[in-house]
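Comments concern the structure below.
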Amino acid sequence: MAKIRERYDAMVIGGGIAGMQAALDLGEQGFDVLLVEKDPSIGGVMVGLNKVFPTLDCSSCICTPRMAEASHHPRIQLQTYTEVQRVEKNGSGFTARLRKKPRYLNDDDCVGCDLCELACPIDVPHEFDYGLGARRAVYIPHGNAIPQKAVLDVENCVFCGKCEKVCPTHCFDFTQEAEEVTTQVGTVIIASGLQITPMAAKKEYGGERFPNVMSPLAMERAQSSNGPYGRVLRPSDGKIPRSIAYVQCAGSRDRSIGIPYCSRVCCMYAIKQALLLTHYIHGLDVTLYYMDIRAFGKGYEQFYRRAVREGVKVVKGKVAKITEVDNRDVVLRVELLDEDGRVEERRYDLVVLSQGLVPGWHVGGVIDAAEADDGFLLTPEPKVSPSRTTLEGVFVGGVAGGPKDIPDAIVEAGEAAMEAANYLRLTNWQSHSAGPVASSEHARPTVGCEVC
Amino acid sequence: MSEKPEAGKTVKDKRSIAVLRERHGGMSPELKERFKEQQRIRKLLREALKSGPKTVPELAAACKLDPPVTMWNVMAMRRYGEVVESSERNDYVLYALKEG
């Protein structure tokens, strides 16, 4: 991996789809971009999704070309497995202090052969599969990871040294330590993405207690062809589920858990997952329990109607409680709103809680931009400049600014890149470190000085 | 690229795993216990599968393990090529040891 330079035009925090889009848009205008990602691979949440709504395109088929483009772009330097420690205003630009975490190998030498992973003797729950599957203590994050380099999770290492012995390039370096680096950047785009509402947020739903109460992201992985099971199975015992319920608004629109807002994507991802489940498991009974269906985007209402036509059941009802019964089946106690509020108990093989979106990262103590009451970055001019934060020169793209779907996240990231480019021009920021331009396509913008 | 040792041997220099072990004070007692338990479970599962393909509940019963724990371990073995899907029986997948 290239060394972090002293100056860049822009730093983008977060290598998910929004961060990559912002970095690419700036890079295409000839600006030097440092793209910082805390995880060992870029791609964010999107690269782990199965398909996208409403087109049912393969999510990684859209995301991975963008990942490759960002990693190969001559104006973008990728810095994975790196955390932002502090960003301070310094004139019109910023001083950024970063912490590079050790992979315990020289990544220029690692060829991604995964022999070390195969030799490692211990399995641990894989974060990429939300714990459903396993990885080793030394591992390549996933099949589509960029960079395709191994990383050693020292907290789970049994110190057997087998990885070192089988490595064909002898790339391991166990002397590595976390390294602090400082750089100057002209502008900052925060695209730190999302997490879902904690599964245990509503105790009455049994998330994290009952293995057959799943998170929507775990279901995405279960449905993926490269998922942990290779097909959709119950986490408790590997049964092919014959009945599945979705509980809508399980982690949004609920003041009792401090998330009063609508997360905007839950209706659509639940409809998409439910529809796909009917394709994957013949004869499946899949039911959505909802308060309102919010299918507001282009083609979303048609997609919802298609799902209902193809066998997804939708019931207007509020789930009060989920209990586990024999064989680890789950029982929903539901108030049927279209049947005069009649309360009924219904048994399922599996339940998915349609959790909402919360910020993936908080800037507190790191960047002096304000957060709104909901924890997302405050954008004081949401109508005319939705990516502007309270700190001049710092912009926000994607879900870091509020819940939104993938198309909106990409559009907003593009807007953040344009605002950042304008800021660089207005402040006349010079990175001074720009190397030779690879092609005219990536040339720095002219300033029209007429000297030539 | 680092210095190349003989095949199957490590470079006994500052890059050796011993450095990392020393710096981290070795395995924590919790990790030691977890690793030992995982090895015990894998041995039980391999033994149970020697008599033929089984579903996760059958394996759990044969090995006296909690079904979710069995499921996770079987999926880990599947991922790393020890176990393959064989067929289906009554809504459950049968898993078998990979031959060869």
Side-chain angles (χ1 to χ4, degrees), chain A residues 102 104-106 108-109 117-118 120-126 129 131-137 152 154-177 210-212 227-231 233-242 281 327-328 349, chain B residues 1-5 7-11 13-28 30-32 34-36 38-39 41-42 54-61 66-81 84-85 88-95:
Chain A
Y104 296 105
L105 51 86
N106 295 313
D108 287 340
D109 292 343
E117 183 169 357
L118 295 174
C120 179
I122 188 167
D123 291 326
V124 293
H126 198 339
D129 290 332
L132 294 182
R135 62 162 171 82
R136 296 272 161 84
L152 174 66
V154 74
E155 298 304 319
N156 285 294
C157 180
V158 298
F159 306 109
C160 65
K162 286 181 180 170
C163 50
E164 187 186 15
K165 282 181 187 154
V166 298
C167 178
T169 63
H170 310 289
C171 70
F172 282 91
D173 180 357
F174 299 113
T175 63
Q176 282 185 358
E177 291 186 68
F210 307 147
N212 293 328
Y229 303 156
R231 52 160 79 196
L233 299 172
R234 289 209 310 186
S236 72
D237 59 2
K239 185 186 178 191
I240 300 165
R242 297 298 172 195
I281 305 171
N327 198 30
R328 287 203 158 97
D349 285 341
Chain B
M1 198 175 290
S2 312
E3 180 191 340
K4 285 185 173 59
K9 291 189 179 174
T10 55
V11 185
D13 66 5
K14 67 188 180 77
R15 290 186 185 83
S16 165
I17 189 76
V19 175
L20 196 64
R21 188 190 302 123
E22 196 177 317
R23 194 190 300 159
H24 287 267
M27 289 165 71
S28 68
E30 183 272 330
L31 180 60
K32 237 180 227 176
R34 186 151 49 87
F35 184 42
K36 200 171 143 189
Q38 193 174 100
Q39 287 178 312
I41 291 171
R42 298 300 165 86
K54 287 182 178 55
T55 65
V56 168
E58 287 167 355
L59 280 167
D66 193 27
V69 172
T70 311
M71 175 70 179
W72 188 83
N73 279 276
V74 170
M75 289 306 110
M77 292 167 82
R78 177 185 167 277
R79 171 165 183 181
Y80 289 108
V84 290
E85 281 190 13
E88 288 178 16
R89 183 164 63 209
N90 301 332
D91 286 347
Y92 285 92
V93 179
L94 286 160
Y95 294 98

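Keep in mind it's a predicted model, so treat the numbers as computed, not measured. Numbers restart at 1 for each chain; the letters A, B, ... are given by sequence-line order, proteins then strands.
Separating the CZ atom in A:Arg234 from the OH atom in B:Tyr92 is a distance of 5.5 Å, to the nearest 0.5 Å. Here the CG-CG distance, from B:Asp91 to A:Asp349, works out to 7.5 Å after rounding to the nearest 0.5 Å. Interatomic distance, CZ of A:Phe159 versus CD1 of B:Ile17, reported as 6.5 Å (0.5 Å rounding).
We find that A:Arg328 and B:Asp66 are joined by a salt bridge, their nearest charged nitrogen and carboxylate oxygen being less than 4.0 Å apart.
Most heavy-atom pairs under 4.5 Å with chain A, from the set B:Lys32, B:Met77, B:Glu30, B:Glu85: that is B:Glu85.
For B:Arg34 against A:Val124, the heavy-atom pair with the smallest separation is NH1-CG1, 3.7 Å. Shown here for A:Pro121 and B:Phe35, the closest heavy-atom pair between the two residues is O-CE1, 3.6 Å. Closest heavy-atom contact between A:Phe174 and B:Ser16: CD1-C, 3.5 Å. Annotation for B:Glu88 and A:Arg231: closest pair OE2-NH1, 2.8 Å, computed over non-hydrogen atoms. Across all their heavy atoms, B:Val93 and A:Leu233 have their closest contact at CG2-CD2, 3.9 Å.
In terms of modelled atom types and a separation under 3.5 Å, the side chain of B:Tyr80 and the main chain of A:Asp123 share no donor-acceptor contact.
Contacts between B:Arg21 and chain A at a heavy-atom distance below 4.5 Å involve backbone atoms as well as side-chain atoms.
Counting heavy atoms from C-beta outward, B:Leu20 and A:Leu152 have side chains that approach closer than 4.5 Å. Looking at A:Pro235 and B:Met71, their side chains never come closer than 4.5 Å, going by heavy atoms from C-beta outward.
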